[in-house]
Amino acid sequence: MPLTHIKIAKDLQELTLHGSKEFPIALYETTMSMDSMDFLPLHWHKEIQFVYLKSGRAKYRIGADILVLEEGEGLFINALQLHEAKPFQMEQAIVYCINVDPIIIGGHEGSIFITNYVQPYLTNQRLPYVKLTKELSQKVACMADILREQDAFFQLKVWRELLYIWELMLTQSLLTEEIMDPSIIVQQERAKVMLNFLHTHYQQKITLEDLAKHVYVSRAECSRYFKKIIGLTPFTYLLQYRLRKSIELLKDDEQTVTMVAANTGFSTVSYYIEKFKEYTGYSPHVYRKKFLQNIKL
């Protein structure tokens, strides 16, 4: 179930405006729940992101890599990287996500700070993420507290902490200018194109051949690339995407379960109910009553 503040385009670019033009930094305190299937969905954004796990354990997928964050640990996710998160081996995890437009670190375009200390580390050929040290993780938590409390001069305090974190990441060589394998970059971009195709046509019947033709590869290559980057086969992902879209429609009390099934690409309502129960542990009717009765579209 997509979290309420995440607005995502069909190519999975996040559309949320983070902060403001004057202060392009935003904090999100997110509770992820296994019971309600409420996770951070697969997405990417132009901003960089700092993560701090406030409680629980969480499994992050960034591109083809998977890592587990323990309580008190932090993570840097670079711009343009596909990523998602969910609780790991427990029912709930609470995470701070701080999205930052890199311009606030380096100032105006063409400045020595942007040119030498920011831009070289943000292109999609660079490291997609960094597991933060204990010191840097605590600094991210401190920055989150400042953003949450918004005391006097909080913007200056956040900027100071952000510059400290960035300088330390550079001096400790946590961000390198090492070039990523070009084949990985190609696979990630191809995966974004495939995702866009699935999201555009999920209400229709889609074959593996349709998907493969869209990116000009064989069916075997299509499945291999997709599973490497996304972690699921194309059709397992499509099934789960249809189920997540159906949860959105279940918020509308005027839509029957039969209507929801038809509007999300399921051939029969019985198949939809079966797969929904496998995915969430509940029938659509019970899930709607338990988790969605007070939520409106």
Q: Can you confirm whether Y96 sits close enough to V140 that some side-chain heavy atom of one is under 4.5 Å from a side-chain heavy atom of the other?
A: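 Y96 does not reach V140 side chain to side chain.
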Q: Side chains of D35 and F291, heavy atoms from C-beta outward: is any pair under 4.5 Å?
A: yes
Q: Determine yes or no for a side-chain-to-main-chain donor-acceptor pair under 3.5 angstrom, with W166 supplying the side chain and V118 the backbone.
A: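 Not a single qualifying donor-acceptor pair exists.
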Q: Under 3.5 Å, side chain of Y282 to main-chain N/O of F276, donor-acceptor pair present?
A: no
Q: First locate atom CD of E161, then atom CD1 of I98, and finally report the distance between them rounded to the nearest 0.5 Å.
A: 10.0 Å
Q: What pairs of residues pass the salt bridge (Lys or Arg N to Asp or Glu O under 4.0 Å) test when at least one of them lies in residues 221-235, not counting sequence neighbours?
A: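 Not a single pair qualifies under salt bridge (Lys or Arg N to Asp or Glu O under 4.0 Å).
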Q: Hydrophobic clusters here meaning ILVMFWY residues chained together by side-chain heavy-atom distances under 4.5 Å, can you tell me if V193 and L211 are in one?
A: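 V193 and L211: one cluster.
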Q: Which pair of non-hydrogen atoms, one from E47 and one from V100, has the smallest distance, and what is that distance?
A: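 So the two residues come closest at CB-O, 3.3 Å.
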Q: Using the rule given for side-chain contact (heavy atoms from CB on, under 4.5 Å), can you reason through T31 versus D38, listing the C-alpha separation, both sets of side-chain angles and the distance that settles it, and then say yes or no?
A: CA-CA 8 Å; T31 299; D38 207 7; over 6 Å; no
Q: Where is the tightest heavy-atom contact between P284 and Y272, given as atom of each residue plus distance?
A: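 Scanning both residues completely, I find the closest heavy atoms to be CG-CE2, 3.7 Å.
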Q: Give a yes or no on this: more than 12 heavy atoms of other residues, nucleotides or ligands lie within 6.0 Å of atom NZ of K131.
A: yes
Q: Applying side-chain contact (heavy atoms from CB on, under 4.5 Å), can you list everything that pairs with Q204, at least two apart in sequence or on another chain?
A: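 Testing Q204 for side-chain contact (heavy atoms from CB on, under 4.5 Å), a comparison that skips the adjacent residues, returns H201.
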Q: List the steps and the verdict of side-chain contact (heavy atoms from CB on, under 4.5 Å) for Q81 and Q188.
A: CA-CA 9 Å; Q81 301 302 317; Q188 290 182 355; 3.7 Å; yes
Q: Tell me whether S223 contacts the main-chain N or O of A220 through its side chain, where contact means a donor paired with an acceptor under 3.5 Å.
A: no
Q: To the nearest 0.5 Å, tell me how far I66 CD1 sits from E84 CD.
A: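 I66 atom CD1 to E84 atom CD measures 8.5 Å (nearest 0.5 Å).
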Q: Going hydrophobic residue to hydrophobic residue with side-chain gaps under 4.5 angstrom, can you get from L27 over to L156?
A: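 Same cluster: L27 reaches L156 through Ile, Leu, Val, Met, Phe, Trp or Tyr contacts under 4.5 Å.
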Q: Please identify each residue that fulfils salt bridge (Lys or Arg N to Asp or Glu O under 4.0 Å) with E91, with sequence neighbours left out.
A: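 Here no residue qualifies.
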Q: Mark yes or no for whether S137, through its side chain, and E73, through its backbone, hold a donor-acceptor pair below 3.5 Å.
A: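 Not confirmed, S137 side chain does not pair with E73 backbone.
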Q: Using 0.5 Å steps for rounding, measure from the CD1 atom of I104 to the CG atom of L162.
A: 7.0 Å
Q: Around F235, counting heavy atoms of other residues, nucleotides and ligands shown, do more than 12 lie under 6.0 Å from its CZ?
A: yes
Q: Determine whether a donor-acceptor pair (N or O, by modelled atom type, separation under 3.5 Å) exists between the side chain of R242 and the backbone of A261.
A: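 It does not hold such a pair.
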Q: Looking at Y164, I'd like to know if the NZ or CZ of K139 sits under 6.0 Å from its six-membered ring centre while staying within 45 degrees of the ring's axis.
A: yes
Q: Please check if I94 and L67 belong to a single hydrophobic cluster, counting links between Ile, Leu, Val, Met, Phe, Trp and Tyr side chain heavy atoms closer than 4.5 Å.
A: no
Q: What I'd like to find out is whether the side chain of L136 reaches to under 4.5 Å of the side chain of T133, using heavy atoms alone.
A: yes
Q: With A141, which residues qualify under side-chain contact (heavy atoms from CB on, under 4.5 Å), at least two apart?
A: Y52
Q: Do I77 and I48 come close enough that some side-chain heavy atom pair is under 4.5 Å?
A: no
Q: When you check the gap from the basic side-chain N to the acidic O, do E248 and R244 get nearer than 4.0 Å?
A: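 Looking at R244 together with E248, the answer is no, because their closest N to O distance does not fall below 4.0 Å.
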Q: Rounded to the nearest 0.5 Å, what separation is found between the NZ atom of K46 and the CD1 atom of I103?
A: 13.0 Å
Q: P87 and S33: which non-hydrogen atoms are nearest, and at how many Å?
A: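 So the minimum-distance heavy-atom pair works out to CG-N, 4.1 Å.
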Q: Ignoring hydrogens and angles, tell me if any N or O in the side chain of S246 forms a donor-acceptor pair with the backbone of L243 under 3.5 Å.
A: yes
Q: Is a side-chain N or O of D252 found less than 3.5 angstrom from the main chain of L249, in a donor-acceptor match?
A: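 No; zero donor-acceptor contacts below 3.5 Å.
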Q: With clusters defined by side-chain heavy atoms of hydrophobic residues (ILVMFWY) lying less than 4.5 Å apart, directly or transitively, does I273 cluster with M259?
A: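 Not linked; separate clusters.
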Q: Among the clusters formed by ILVMFWY side chains lying less than 4.5 Å apart, do I114 and L163 turn up in the same one?
A: yes
Q: Do side-chain atoms of R219 reach the backbone of L208 as a donor and acceptor pair under 3.5 angstrom?
A: no
Q: Is a side-chain donor or acceptor of S111 paired with a backbone partner of G106 at a separation under 3.5 angstrom?
A: yes
Q: Restricting to non-hydrogen atoms, name the atom on S283 and the atom on K277 that form the minimum distance, rounded to 0.1 Å.
A: N-CG, 4.3 Å
Q: Output all residues satisfying side-chain contact (heavy atoms from CB on, under 4.5 Å) with R190, sequence neighbours left out; order by chain, then residue number.
A: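 If we apply the side-chain contact (heavy atoms from CB on, under 4.5 Å) test to R190, skipping adjacent residues, the hits are V186, M194, V215, V217, Y225.
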Q: Under the side-chain contact (heavy atoms from CB on, under 4.5 Å) criterion, do Y121 and M169 qualify, and how do the steps go?
A: CA-CA 11 Å; Y121 304 95; M169 289 176 70; over 6 Å; no
Q: May I ask you to decide if P41's main-chain N or O and H43's side chain share a donor-acceptor pair within less than 3.5 Å?
A: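 Present.
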Q: Could you go through Q49 and Y28, starting from their C-alpha distance and side-chain angles, then the distance that decides it, and tell me whether this counts as side-chain contact (heavy atoms from CB on, under 4.5 Å)?
A: CA-CA 11 Å; Q49 185 177 84; Y28 303 100; 6.0 Å; no
Q: Mind listing the closest non-hydrogen atom pair of K192 and L80 along with its distance?
A: NZ-O, 3.0 Å
Q: With side chains defined as the heavy atoms from C-beta onward, is the minimum distance between L40 and C97 less than 4.5 Å?
A: yes
Q: Which pair of non-hydrogen atoms, one from P234 and one from L198, has the smallest distance, and what is that distance?
A: O-CD1, 4.1 Å
Q: L75 versus I62: any side-chain heavy-atom pair under 4.5 Å?
A: yes
Q: Please tell me if the side chains of H45 and H83 come closer than 4.5 Å, counting only heavy atoms from C-beta onward.
A: yes
Q: Got a sec: does the NZ of K59 have more than 12 other heavy atoms crowding it under 6.0 Å?
A: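 Counting neighbours around NZ of K59, 12 or fewer heavy atoms of other residues, nucleotides or ligands fall under 6.0 Å, so no.
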Q: side-chain contact (heavy atoms from CB on, under 4.5 Å) with L232: which residues, sequence neighbours excluded?
A: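 T236, Y237, Q240.
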Q: Quick check for you: to the nearest 0.5 Å, what is the distance between L69 atom CG and K54 atom NZ?
A: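 NZ of K54 is found 16.0 Å from CG of L69.
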Q: Are the side chains of E71 and S55 in touch, meaning some heavy atoms are under 4.5 Å apart?
A: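 E71 vs S55: side chains touch.
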Q: Measure the acute angle between the ring planes of F50 and F76, then classify it against the limits of 30° and 60° as parallel, tilted or perpendicular.
A: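 F50 vs F76 ring planes: tilted.
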Q: Quiz question: by atom type and distance under 3.5 Å, do the side chains of T256 and T258 form a donor-acceptor pair?
A: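 Looking only at side-chain atoms, T258 and T256 do not form any donor-acceptor pair under 3.5 Å.
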Q: Carefully, step by step, assess Y129 and Y60 under the rule ring-ring contact (aromatic ring centres under 6.0 Å, His included).
A: CA-CA 11 Å; Y129 67 93; Y60 269 79; 9.5 Å; no
Q: To the nearest 0.5 Å, how far apart are CD in E29 and CZ in R148?
A: 6.5 Å
